[in-house]
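What follows is a single structure, written as structure tokens, with notes after it.
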Amino acid sequence: MAKSTMFRKAGNFTPKSSFDDKKLKSEVKKAPKKVEQHRKNIKVSELQKKSIDAIKMINGLTYDYEVIQLLADKYMAEASDAEKRKYNVFME
């Protein structure tokens, strides 16, 4: 059954305040910004993917990014002082 509009009277409701689009936009801008993790894709060969999967199984890891972080940490542990300085410069 369709809604009947015969009971609606023109002007039977007066709003307390009018809608202000500018006020809404300013409220949205004041909201704190959230830092989000963005996904990035890395293309690797099938052999490298198998290697990453093997390292995940050996170390009991679940995600590929954990293996990549593990490899980066191992590299930094074995890096020379000059390589560590270069790494820190590139990370900034």
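Here, residue 1 is the first one in the sequence, and each next residue gets the next number. These numbers come from the heavy atoms of this one structure, side chains and all, not from hydrogens, waters or symmetry mates. The structure displayed is predicted, hence computed values, not measured ones.
The distance from atom CE of Met76 to atom CE of Met91, rounded to the nearest 0.5 Å, is 9.0 Å. The CG atom of Leu61 lies 11.5 Å from the CD1 atom of Ile52; values are rounded to the nearest 0.5 Å.
Scored by the salt bridge (Lys or Arg N to Asp or Glu O under 4.0 Å) test, Lys86 finds no partners at all (sequence neighbours excluded).
Counting only residues at least two apart or on different chains, the ring pair (Phe, Tyr, Trp, His ring centres under 6.0 Å) pairs with a member in residues 45-84 are Tyr63-Tyr65. Sorted by first then second residue, the salt bridge (Lys or Arg N to Asp or Glu O under 4.0 Å) pairs that include residues 61-83, not counting sequence neighbours, are Lys49-Asp64, Lys56-Asp64.
For the pair Ile42 and Ile68, the minimum side-chain heavy-atom distance is below 4.5 Å.
Enclosure of atom NZ in Lys84 by more than 12 non-hydrogen atoms of other residues, nucleotides or ligands within 6.0 angstrom is indicated.
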query: Please walk me through it: do Ile55 and Leu71 pass side-chain contact (heavy atoms from CB on, under 4.5 Å)?
result: CA-CA 10 Å; Ile55 294 170; Leu71 295 172; 4.3 Å; yes
